[in-house]
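To keep things clear, I will list the structure first and then write my remarks on it.
Since this is a predicted model, take the numbers as computed values, not measurements. Computed from heavy atoms alone, side chains included, the values below leave out hydrogens, waters and symmetry copies. Numbered from 1 within each chain, the chains take letters A, B, ... in sequence-line order.
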Amino acid sequence: MIRTHEAGSLRKEHAGEQVTLAGWVARRRDHGGVVFIDLRDASGSSQVVFREEDDAHGLRAEYCVKVVGEVRVRPEGNENPDLPTGEIEVVASRVEVLSEAAPLPFPVEGAAGVSEEARLRHRYLDIRRPQVAQALRIRSKATYLAHEVMHEHGFNYIETPTLTRSTPEGARDFLVPVRLQPGSWYALPQSPQLFKQLLMVAGMERYYQLARCFRDEDLRADRQPEFTQIDVEMSFVDQDDVIALGEALVGRVWKEIVGYELPSPLPRMTYAEAMARYGSDKPDLRFGQELVEMTEYFSGTSFRVFQAPYVGAVVMPGGGSQTRRELDAWQEWARSRGAKGLAYVLVGEDGTLGGPVAKNLSESESAGLAEKVGAAPGDAVFFAAGKPSEARDLLGAARLEIGRRCGLIDESQWSFLWVVDAPMFEEDGEGGWTAVHHPFTGPKPEWADNFQDHPAEALAYAYDMVCNGMEIGGGSIRIHRAEMQQRVFDVLGISKEEAESKFGFLLEAFKYGPPPHGGIAYGWDRICMLLAGGDSIRDVIAFPKTASGFDPLTGAPTPITGEQRKEAGVDAKPKSEA
RNA sequence: GGUCCUGUAGAGCAGUUUGGAGUGCUCGCCACCCUGUCAAGGUGGAGGUCGCGGGUUCAAGUCCCGUCAGGACCGCCA
């Protein structure tokens, strides 16, 4: 090794030792006769002292240097209690510049206020910043822990193809032309869903993988075109088995990394309850402001807007003192989400109701309203009326917005739960049905025989793990009987021919004694983001892409040359339309 | 595909409402001074396609139109 010690590891007990350090010039304080350099490596940093004769004046920020010197306790009064290495310093006897650094595009040390674009373009400098490096180290540690847990539970780590064919998640595929078969294309996997089920047919019984997944959809703070899942599948299990494993996995990671003891077992909530109380299938339980169903309350109302199949309310504490402008902004907010508006009532300090809706309410409706919704004087009450799903969506979104604006969310808390019993199907808007999860998700046992007769009510044997209002994992018990699979295809309007051409290989495999099986996939980027305290999964990805799928560092994606285009067979005419 | 915010020196910003000379702040950079700092300090200096294109105007960083890039959200996506 070029060095004998790590800069961040030096303490008083090293006093008197000759050490060789190697790292980067973090900060320099040049007093002319004496020069201080903070030497940073991956472990931290130590102060190195140079005397005039050492000629350290030429050192600049982020030069890569090697320093030989003696550790000593700092002179009386010069200790820095804010630094782990603040009691000592290294008196340099020799310095060697291993490589120089050009003037920096942004400060590596100090203020965090640098645009993300600049940080990503020089990501290698960004990662030198300890906060950024720390997030990647947390991810690394979490990954080791995950492997440990899976190993302890007897899982086999099995890799599946990256160049494959479309999987049934329903997102857009990334496509790869195939030189050897012009006109045919691979798809990058949206998940290893079909392969892991094949591995169950293959008798592997316990499979897991840190799987790279690819989806060609618009990006968000928590969505990248390529992302990582911890993908799990198990044979001969029930929902409780998959859930127990999930709690072991997530529990270990949270305990070891943030010192949080996961409640065991985690609370479970049905999808129906989550929608009714929180207007979301991934409720954030760190604050209250639950939705209040008012359909019954307004069943006899003469106010047209509330003559609807569903009326619900959510309370904004202190919202009664909002200005007209602020209240109008809520209307704009609701319209931007595709709603007609957001009806509201203001509860005055004397308990009287104000706002444009109030005068449409009968005396008795007004009288009991505040108590019914749990509003106090000075609060605002927002209402949504219409189709239950749409109105609840709006109220759920309003609830989150209220939580943010009013500072109701306790950021120090962790709120974990399972959301179970999601519907199997939802209307596709064209008179048909689509799978909420994917077409291989089984029905709950009580729906096994008749889900096809009640597609709107049938419940899936599926479960999502939710943390702080974010879905961090989701899975299901799969269908393993051809007969049941056929009934699902019938509901979805997938013909035998279509099923055969899309996943014939899976159906073929299922002819040969498939075991009952189920699994789950965890969004590893999101989990690591939560552990690292980040706001975006980009914080825990070494080289992420921008919202347009651009990598500011490499410049990818790039145009291809005519030669590449020809060779790749991009423009080949397909022999027959797929 | 849509809505909103942002774009001014290497970095972070102010200036845009009400048009009047690239006007300013903090940091960094360069030179010099400085023996105990740790966000060191001091003196001096360099550094600008105000994202890009067009328009209005005697005059545009500022107003209008278009466009590009980044971010947040909706649609989309588990």
Length of the line joining [X]:[atom1] and [N]:[atom2], which is rounded to integer Å:
X	N	atom1	atom2	result
A/R220	B/rC77	CZ	C1'	8 Å
A/H31	B/rC38	NE2	P	7 Å
A/R28	B/rG41	CZ	C1'	13 Å

So, does the side chain of A/R60 form a donor-acceptor pair with the base of B/rC30 at under 3.5 Å?
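Such a pair does not exist between side chain and base.
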Is any N or O donor-acceptor pair between the side chain of A/E79 and the base of B/rG36 shorter than 3.5 Å?
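Result: no qualifying N/O pair found.
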Could you check whether [X] gets within reach of a base, just the sugar-phosphate, or nothing at all, counting any heavy atom under 4.0 Å?
X	answer
A/R538	sugar-phosphate
A/R335	nothing
A/L104	sugar-phosphate
A/D30	base
A/V436	base
A/R40	nothing
A/R223	base
A/G86	nothing

Look at the side-chain N and O atoms of [X] and state whether any lies under 4.0 Å from the OP1 or OP2 oxygen of [N].
X	N	answer
A/T546	B/rG70	yes
A/R29	B/rA40	yes
A/R27	B/rA40	yes

Residue closer to the 5' end of RNA chain B, A/R172 versus A/A221 (nearest nucleotide)
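Nearer the 5' end of the strand: A/A221.
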Pick the nucleotide of RNA chain B nearest each of A/R526 and A/S548; which residue has the one closer to the 5' end?
A/S548
Taking the C1' atom of each, how far is B/rG70 from B/rC63, in whole Å?
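Comparing C1' positions in B/rG70 and B/rC63 gives a spacing of 25 Å.
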Provide the distance between the two C1' atoms, one in B/rG44 and one in B/rC34, to the nearest whole Å.
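Straight-line distance between the two C1' atoms is 15 Å.
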Check the side chains of A/Y207 and A/D231 for a donor-acceptor pair under 3.5 angstrom, ignoring hydrogens and angles.
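Distance-only check passes for A/D231 and A/Y207.
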For A/D173 and A/Q190, which I'm curious about, is there any donor-acceptor pair between the side chains at under 3.5 Å?
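Yes, a side-chain donor-acceptor pair sits under 3.5 Å.
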Taking only the side-chain heavy atoms of A/R74 (C-beta and beyond), determine which of B/rG12, B/rG36, B/rA78 contains the nearest atom.
B/rG36
B/rG12, B/rU37, B/rA78: which one has an atom nearest the side-chain heavy atoms of A/V114?
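The answer is B/rG12.
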B/rU16 pairs with which nucleotide, Watson-Crick or G-U wobble, both distances below 3.5 Å?
none
